[in-house]
Amino acid sequence: MPKDDSKSQPDLLQGTLDLLILRTLRPGPMHGWAIAQRIQQVSDDVLTVQQGSLYPSLHRLARKGWIDSEWGTSENNRRAKFYCLTDDGRRQLAEETESWERLSAAVSRVLQEA
Amino acid sequence: MSWQDLKNRFLALVQPGRYESDLDEELRSHLEMEIEYRVKRGETLREAERAARIALGGVEGIKENCRDSWGARFVQDLLRDVRGAMRRLVRYRRYSMVVIASLGLGLGAALVVFAMVDAVLLRPLPFHEPDRLVRFWEVTPEGDLFSTSDANLVDFREQIGGLSDLAAHQWSLSRPALLRNGERIGLGALSVTPNFFRTLGVTADLGRTFGAEESRRDVPVRSVVLSHEAWRTVFGSEPHILGRELDLDGQVWTVVGVLPEEFRFGAEKPDIFLPFLLDPLRQRGDHWLSAIGRLAPGATLERVAREAAAVAARIGEQYPEANAGWGVTLEPLSDSLLGPGVGRTQWILLSAVGLLLLLACVNVANLFMAQVADRREELRLRRVLGSGRWRIIRQLLTESLLLAFVGAATGLALALAAVPWLRSLDVRVPRIDEMTVDFRVAAAAALLAVVSSLAFGLFPALGATRSTRGVHTHRVGQRSVGDGRARAALVACEVALASVLAVAAGLLLQSFGSLTAVDTGFAEGGVLLARVDLPTEPSGESGRDIGGFFSELVERIQGLPGVVSAGATVTSPFRGPGFENYVATEHEPEQKAFVSVRWRAVTPGLFRTLGIPVLRGSEMGQAGLRRETVISASLADRLWPGEDPIGRNMRWIGPRGPLYEVVGVVADVQDLEIGAAPEPMVYLPHEFFDRPSMTLAVRTDAPTAVIAPIRRTVSDLDSRTGPPVFSTLAGQRAEALSQSSLSLHVMSFFSLAALLLAAAGVFGVVAYSVSKRRREFGVRLALGASPGRLVFELVLETLVPVVLGLFVGLAAALAVGGTLRTLLYETSPFEPVVVLGVALLLALVGIVSAWLPARRAANLDPQMALREG
């Protein structure tokens with residue numbers, strides 16, 4: 001797959017991962033590994049996050065200013081980088097959630113039609 | 001892209017190290033947590049480690065992706081673009097050379113003009129807060145600007161609150177001789193009041209400037225301040241110069257300071273400054289001082305001018321004989337030091353060079369467009385494969401920017417060579433010697449490079465990347481219609497710009513021709529001039545018979561072999577306005593009927609020497625004991641219309657002034673502003689108006705042979721006198737024209753360059769057209785078309801935009817012609833000869849430039865052309 005800026009050719013999977021990460025962070029800050037675990041848990045193991053794509057996504061979201069990062073201590077007294085949602089991020093989450101719901105509703109309608 | 005986004009990108013760019021170590025630690029901690037989790041679930045440590053690593057995947061790959069997402073790729077891409085652009089530049093050498101040459105020419109010329117305008121107009125004067133400095137003039141009751149007098153200046157200084165300081169200086173330099181190691185060196189000296197430097201706000205580089213010490217009235221103070229240049233050239237930058245005693249005209253003066261290098265005052269550059277004190281006992285009506293002042297903090301020019309006018313009125317009431325009806329006016333010092341018309345000329349030159357630069361950019365745009373059109377397929381392919389549009393535009397702009405910077409560097413090199421050469425030409429434009437290529441010029445070069453690269457690069461880049469969809473054609477030889485039209489438009493632009501510059505140059509040429517042909521009234525060939533300065537006190541007195549000295553000198557020189565005739569005058573021709581005063585007929589009772597005239601103090605023999613015909617009567621008598629005068633023909637007409645003025649008496653200065661008998665009438669001469677109408681002139685015997693400095697005029701067949709004998713004659717008569725300064729009458733006249741000459745040369749150069757660029761542009765377009773339409777021509781030739789006809793068609797095709805451009809350009813030239821009026825002498829801005837000439841010239845250039853490459857079409861081998869399809 002050509003390496004490209006995520007803006008011009010949005011990879012569907014990439015965009016969805018971003019959305020899931022933002023949603024997972026809504027209740028509060030979490031570190032990278034925990035985010036991956038959580039998504040897997042909540043989706044009943046249907047969605048397995050490619051751990052290799054997790055960190056590039058996190059970094060991209062941080063660059064865009066939708067999440068913030070801070071070094072802290074994990075529950076096991078381990079040093080880890082925690083991410084949390086910013087105000088911009090919250091807004092982005094709301095927008096993308098709405099888009100996603102519209103999209104999936106439309107797809108369902110078409111499938112039912114046929 | 002949000003603000004936050006940009007900021008974070010920037011941070012990543014400048015602090016990559018921190019992000020790397022951060023990322024490293026983050027991934028490591030992830031692994032550890034994964035391992036811990038797996039161990040808790042029951043795997044062995046080794047299994048857990050292995051599984052965790054596999055789950056994460058290639059760490060380097062992740063890091064690479066993270067780095068990408070941080071936008072550091074931007075810099076990598078940029079570097080790649082630059083490398084690619086450099087490779088292109090080397091590969092397409094001919095194209096690159098033409099582009100760089102065009103840009104170098106345009107940018108180089110622009111930088112030179114910018115350096116000139118910067119030095120003459122833009123750079124602030126080297127004084128403290130120069131915009132608070134004013135030139136202080138008194139105004140005669142007739143409204144002429146005039147100098148002020150000692151007593152008046154003292155009163156003005158006291159009574160005008162709006163000026164925090166008022167200082168005076170002599171208008172022209174005196175030339176005392178410095179005795180050093182037995183040799184006499186003439187120096188230019190400006191006498192100033194002790195507060196002169198304080199008013200300007202100038203502090204000395206070494207030592208001090210004048211101050212309280214020089215204001216003492218009990219002992220004569222002989223301090224000298226040196227200019228930086230004089231310290232360097234005359235004294236070899238001697239470090240112990242302070243306190244040194246100098247022998248000036250036989251008197252001892254002490255050096256108290258050296259001025260900073262950037263100090264300048266006026267067009268003449270004084271080597272030394274001497275202090276003099278205002279003499280309140282001097283006649284109030286003796287207006288001989290030039291004054292400058294500094295506005296008090298918070299005061300405005302208008303307010304202070306009004307205040308000064310009120311004070312002047314008061315003085316006029318108190319001393320009606322000297323000052324009744326006199327006023328005061330102030331003008332900013334920078335304007336007064338610059339002189340009239342100079343600013344206008346500079347802006348005109350700047351506009352002209354702007355046109356030239358534009359022309360160069362249009363030329364390059366044409367070439368660039370052709371280049372890009374050739375790569376259209378490649379670019380389209382890249383877009384289809386996913387490259388962003390802006391990414392490609394960025395690459396193309398990088399190429400154009402690289403070319404522009406190389407062009408700018410070439411231009412800068414040209415400027416570096418041209419500026420010192422221009423400086424050495426000794427053009428009489430104030431401050432032009434300050435012209436230099438410094439960081440301001442370099443900054444201008446960089447800015448111009450960026451602007452011009454956008455100008456010629458943006459539109460072709462936008463055009464080439466417009467569509468991604470569309471039929472992917474294989475036909476390499478196809479040219480799009482829109483493309484051809486754009487290039488024709490560019491050719492028209494080039495021709496238009498070139499014609500504007502050519503018209504301007506043509507008009508200036510005609511004007512200059514008229515100026516040089518003007519009859520100034522002198523017979524100029526073969527006249528040597530020598531300025532002789534007698535040693536004096538700074539106040540101008542010398543306690544000796546100056547008149548006698550110069551009379552004797554002229555007589556002796558007359559007797560030298562090779563000398564046809566000799567004379568002397570106080571005012572050197574073409575070197576400045578000289579003196580003015582008022583005259584009237586004998587019985588005129590009212591001052592206001594007096595006529596303003598220029599006057600010259602001369603010796604007999606001057607008219608003959610300068611070739612000024614004596615129309616009636618004779619020259620003034622040899623002995624100079626009688627008050628006689630010779631007047632110019634126009635003045636004779638004015639004072640005694642229709643009558644013979646010989647024998648009449650002329651009243652000098654005012655109704656109670658002395659009488660001079662008119663003994664001769666000479667032809668009018670114009671020795672000030674060539675081309676202007678001559679002003680009434682009065683010649684008076686030098687014995688009554690002696691000045692310690694006179695210019696000898698010597699008509700001779702062998703000017704070089706006569707120089708040494710003249711020098712000897714001068715030093716024989718007075719050994720203390722410094723060596724005379726030689727020049728020629730023709731040379732001084734050329735100097736007077738030097739400002740016009742400069743404009744002419746610069747504009748001619750521009751229009752020549754413009755013609756060259758336009759020709760190159762037309763040539764390029766036609767050559768390109770021929771190369772692209774080879775197949776078409778091949779077919780036609782194979783079908784039996786005559787090669788001559790093909791060439792004819794091509795040339796005709798090109799002529800369309802050329803003629804269009806001509807029309808537009810000539811119309812534009814006529815429209816802005818009015819602005820050139822100030823530069824033109826006896827030439828209307830709409831001279832039909834010039835316009836017609838330019839039209840023909842450009843048409844010819846267009847035809848030839850089109851015909852040369854078009855011939856290639858005729859020489860095509862039809863079979864080869866067809867095969868290329």
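Order of the sequence lines sets the chain letters (A, B, ...), proteins ahead of strands, with each chain counted from 1. Since the model is a prediction, treat every value here as computed from it, not as a measurement.
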Does atom [atom1] of [X] have more than 12 heavy-atom neighbours, drawn from other residues, nucleotides or ligands, at distances under 6.0 Å?
X	atom1	value
B:Arg88	CZ	yes
A:Arg26	CZ	no
A:Glu70	CD	no

- Task: Could you grab the distance from atom CZ of A:Arg78 to atom OG of B:Ser29, nearest 0.5 Å is fine?
- Result: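 Answer for the CZ-OG pair, A:Arg78 versus B:Ser29, is 7.5 Å.
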- Message: Rounded at 0.5 Å granularity, tell me how far NE2 in A:His59 sits from CG in B:Asp22.
- Response: 7.5 Å
- Query: Quick one: what part of A:Arg79 sits under 4.5 Å from any heavy atom of chain B, side chain, backbone, both or neither?
  - Reply: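 Both backbone and side chain.
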- Task: Counting only heavy atoms closer than 4.5 Å, note whether A:Trp66 contacts chain B via side chain, backbone, both or neither.
- Result: neither
- Take B:Glu26 and A:Trp71 through the test side-chain contact (heavy atoms from CB on, under 4.5 Å) and record every step on the way to the result. CA-CA 9 Å; B:Glu26 190 177 7; A:Trp71 281 97; 4.2 Å; yes
- Item | Top contributor to chain A interface from B:Lys63, B:His30, B:Glu32, B:Glu25 [non-hydrogen pairs under 4.5 Å] |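 Maximum pair count with chain A is reached by B:His30.
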- Message: With a 4.5 angstrom heavy-atom cut-off, is it the side chain or the backbone of B:Leu31 that approaches chain A, or both, or neither?
- Response: neither
- Message: With a strict 4.5 Å heavy-atom criterion, list every residue of residues 33-42 of chain B that contacts chain A, or say none.
- Response: B:Met33, B:Glu34, B:Glu36, B:Tyr37, B:Lys40
- Look at A:Asn76, A:Leu58, A:Thr86 and state which one has the largest set of heavy-atom pairs under 4.5 Å with chain B. A:Asn76
